[in-house]
Amino acid sequence: DAGVIQSPRHEVTEMGQEVTLRCKPISGHNSLFWYRQTMMRGLELLIYFNNNVPIDDSGMPEDRFSAKMPNASFSTLKIQPSEPRDSAVYFCASSFFGQGRGLYGYTFGSGTRLTVV
Amino acid sequence: TQLLEQSPQFLSIQEGENLTVYCNSSSVFSSLQWYRQEPGEGPVLLVTVVTGGEVKKLKRLTFQFGDARKDSSLHITAAQPGDTGLYLCAGGSNYKLTFGKGTLLTVNP
């Protein structure tokens, strides 16, 4: 298995532009998470999908952020319009969660380093 | 909001030394996971502990979950330069993992 695949690895964009980050989770995992990592705040959960359905989006900063999971093998995180304060490393992670079986470990992608200038 | 405090924030030691890093919370978690993150990569799972008082060993790494399932420690024996990285603890509750900010460990040759 190739693991969780994220693209692009690096993205530099100008303030006000739309940014789309992509993620392919591990086959067979039913849970997908988008995290943002900064020095100041560490890893913050943005949104959680279970079986392609958004379950918890309480961490999404504001309406400029949106995420979709059209099928079990693909998810996107979109920022429109982007702002300099969105600069961070964005991680996608997948796992398996089953009622009564608890949470297994997350497998993270390599991340997308976003710089908004 | 469940918070995990990790200490120390930074640790620089010489090869061969022993060290312990800590993860503390006021909340009870159903499980506690430790991850290591290297520069430019995502965190990689090292271990999961689920039972209060549980101790797990992974070669030179020893992980302990507190009796009350609120805290954990990671002890490394005879540290090596390859152990260098950011060590993150994460508390599990239902489907969600809450991460600490990590301990950045540097092991100098």
If you draw a 6.0 Å radius around [atom1] in [X], do more than 12 non-hydrogen atoms from other residues or ligands fall strictly inside?
| X | atom1 | value |
| --- | --- | --- |
| B:Gln14 | CD | yes |
| A:Arg64 | CZ | yes |
| A:Asp63 | CG | no |

If we only count heavy atoms from C-beta on, is the B:Pro43 to A:Leu43 side-chain gap below 4.5 Å? yes
Distance, nearest 0.5 Å, that separates CD of B:Glu41 from CZ of A:Phe108: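 With rounding to 0.5 Å, CD (B:Glu41) is 13.0 Å from CZ (A:Phe108).
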Atom pair NZ/CG of B:Lys96 and A:Leu45 - distance to nearest 0.5 Å: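 The CG atom of A:Leu45 is 5.5 Å from NZ of B:Lys96, to the nearest 0.5 Å.
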Chain B heavy atoms under 4.5 Å from A:Glu44: which part of the residue, side chain, backbone, both or neither?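 For A:Glu44, no heavy atom lies under 4.5 Å from chain B.
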Region of A:Arg41 in contact with chain B, defined by heavy-atom distances below 4.5 Å: backbone
Nearest heavy atoms of B:Lys101 and A:Met40, plus distance in Å: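 For B:Lys101 and A:Met40, the tightest heavy-atom pair comes out as NZ-O, 2.7 Å.
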Shortest non-hydrogen contact from B:Gln33 toward A:Tyr106: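 Taking B:Gln33 first and A:Tyr106 second, the nearest heavy atoms are OE1-N, 4.3 Å.
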Kindly write out the residues that satisfy side-chain contact (heavy atoms from CB on, under 4.5 Å) with A:Asn51, not counting sequence neighbours, or none if the list is empty.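 Partners of A:Asn51 under the side-chain contact (heavy atoms from CB on, under 4.5 Å) test: A:Asn30.
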Does anything in residues 60-71 of chain B pair up under side chain to side chain donor-acceptor pair (under 3.5 Å), and if so which pairs, sequence neighbours excluded? B:Arg60-B:Asp83
Establish whether A:Leu46 and A:Tyr48 are linked, either directly or via other cluster members, by ILVMFWY side-chain heavy-atom contacts under 4.5 Å.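 Looking at the clustering, A:Tyr48 is in a separate group from A:Leu46.
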